[in-house]
Amino acid sequence: MEDVVAEVIKKALGESSIFRNREALASDYVPDKLPHREEYIRRIAELLSPALRGEKPSNILIYGLTGTGKTAVVRYVMKRFEEHAEKVGIDVFKFSYVNCRNEDTNYRVLFKIGSDLGVKIPFTGLSVAELHNRLREYIDSRKLSVTIVLDEIDFLVKKVGDDLLYRLTRINDELTQSKVSIVGVTNDVKFVETLDPRVRSSLGEVEVVFPPYDALQLADILRERAVLAFKEGVLEDGVIEYCASAAAREHGDARRALDLLRFAGEIAEREGASRVSLVHAKKAREELEVNAAMEVVRTLPYHSKLLLLSLAVMKGFAESTGSLYLTYRRICETLGVEPLTQRRVSDLINELDMLGVLTSRVVNKGRYGKTKEVSLGVDPATVLKVLSSDTRIGEYVKSVKVSGDR
DNA sequence: CGTCCACAGGAATGACGGGCGG
DNA sequence: CCGCCCGTCATTCCTGTGGACG
């Protein structure tokens, strides 16, 4: 009897037979060691080190595909610098880390920078210019040496333009007592070409390129983390290699490799297995795709969901925005929802494209016009399943399925 | 070689919700 | 509490455009 209760308690407390520390496999975990990135850590640290002496470091622009360790390296260096500053008791040395995918307006970016530095700012209501002024005054009056990391900076520029970037890079001209340097991180190499030349030259004073990992390097990374994350001996042979090679095939994305491994562990745990096997890893790979899409899709605004639903109904492919819009309108009608304009839908398609849920490309059909070809990034059936979690859409999907069955 | 399709995507504008300063 | 200003989402109106067709 006691044993049963003890078991339940053990489970409730998150005690696991598989994991020692699951966090070590989370994508935002900053490990003590980043295998195969030592030279980049050194490089970035050297570039930023003038800040510790109160001088202005160069602005840096970092490129590299997703999961090549850009963010991890920058955050690692940040962490170490902060620890050092704290130990020595320097309080004018500040970092701000902004992920522009989350903070995707000028206001939110400035707000995040402000709150990282300790400025009190309302989360809406002020003008961007006012925010900018407050920030500048705060930094200047405290003689701060600030390093601002703008992660996924291409998102910000695509959405609101390079105006904020221009102003941030020029903020030093207005400061008399302080120094601000910018670290831009992007995984879109082409994005740099679209920048205003002035911003480009100022932001990219130094450019650092991160190459993708190969399968062997990914395996090293996984091994490193697996020691922290898993209990001893629960990983069967080949699991790490499987995850590494699967991720290597997708442009050497380390985040993906880590997700795979963690998920394989979770599946094993859920099934009550005592070890993580290749079977679990393979399952993880299949389910992960679905899961990733789920997370994005679930939090989408209603009309974006409807749009995805339309595309899914069209078997995931529309040869023109017109035909997609027609389907969308039909669905709106049956649901009794006021449809958005085609103009707006066009913007929504672009947003979904940026989120990676679908792919659109402009095609010219000459005599037959110029339009956008839209295709779903995931299996339509999966999308339908995920969308069904929205009750209103769920009803619709059910009714279509019923009438569709002959 | 010009036309003209079927849109893309820019600009102006408005409704709405929220903070600010008085 | 009020009037003001702002960001966000959406609409309306608009100009721009690559290339197959005639």
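Proteins get letters first, then strands, A, B, ... in listed order; numbering begins at 1 in each.
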Subject >> Atom-to-atom span, NZ of A/Lys372 to C1' of B/dC5 - whole angstrom >> reply: 18 Å

**OP:** Could you identify which residues of residues 340-367 of chain A place a heavy atom less than 4.0 Å from some atom of DNA chain B, listed by residue number, or say none?
**Re:** A/Gln342, A/Arg343, A/Ser346, A/Asn350, A/Gly366, A/Arg367

Subject >> Spacing between A/Phe111 atom CZ and B/dC20 atom P, to the nearest angstrom >> reply: 10 Å

Original post:
Within this structure, what is the CG-to-P distance between A/Leu300 and C/dC9, rounded to whole angstrom?
Top reply: 12 Å

Original post:
Hey, is the side chain of A/Lys370 poking within less than 4.0 Å of OP1 or OP2 on B/dG9, counting only N and O atoms?
Top reply: no

Original post:
Can you tell me how far P of B/dC20 sits from CG of A/Leu131, to the nearest Å?
Top reply: 10 Å

Subject >> Axial cation check for A/Tyr302 ring with A/Arg392, 6.0 Å and 45° limits >> reply: yes

Original post:
Which heavy-atom pair separates A/Pro339 from A/His303 by the least distance, and what is that distance?
Top reply: CA-CE1, 4.5 Å

Subject >> Pairs flagged by salt bridge (charged side-chain N to carboxylate O under 4.0 Å, His left out) wherever residues 304-333 of chain A is involved - sequence neighbours left out >> reply: A/Lys305-A/Asp390

Original post:
Looking at A/Leu235 and A/Arg275, what are the two nearest heavy atoms and their distance?
Top reply: O-NH2, 4.2 Å

For residues 223-230 of chain A, which side-chain donor-acceptor pairs fall under 3.5 Å, sequence neighbours excluded?
| unit_1 | atom_1 | unit_2 | atom_2 | d |
| --- | --- | --- | --- | --- |
| A/Arg223 | NH1 | A/Asp220 | OD1 | 3.0 |
| A/Arg223 | NH2 | A/Glu241 | OE2 | 3.2 |
| A/Arg225 | NH1 | A/Ala24 | O | 2.8 |

Original post:
For the pair made of OH in A/Tyr368 and P in B/dA8, what is the distance, rounded to whole Å?
Top reply: 19 Å

Subject >> Atom pair CZ (A/Phe95) and CD (A/Glu82), whose distance is rounded to the nearest 0.5 Å >> reply: 6.5 Å

**OP:** Round to the nearest Å and state the distance from A/Lys112 atom NZ to C/dG7 atom P.
**Re:** 20 Å

Original post:
Applying salt bridge (charged side-chain N to carboxylate O under 4.0 Å, His left out), which residue pairs with at least one partner in residues 251-265 of chain A are found, sequence neighbours left out?
Top reply: A/Glu250-A/Arg256, A/Asp259-A/Arg262, A/Arg262-A/Glu266

Original post:
Which of residues 301-323 of chain A sit near DNA chain B, with a heavy atom under 4.0 Å from it?
Top reply: A/Ser320, A/Thr321, A/Gly322

**OP:** Using atom CD of A/Glu373 as one end and atom P of B/dA6 as the other, report the distance to the nearest whole Å.
**Re:** 16 Å

Subject >> Which residues share a salt bridge (Lys or Arg N to Asp or Glu O under 4.0 Å) with A/Asp347, sequence neighbours left out >> reply: A/Arg343

Original post:
To the nearest angstrom, how far is A/Tyr107 atom OH from C/dC9 atom P?
Top reply: 15 Å

Subject >> A/Arg42 bridged to A/Glu46 by N-O distance under 4.0 Å >> reply: yes

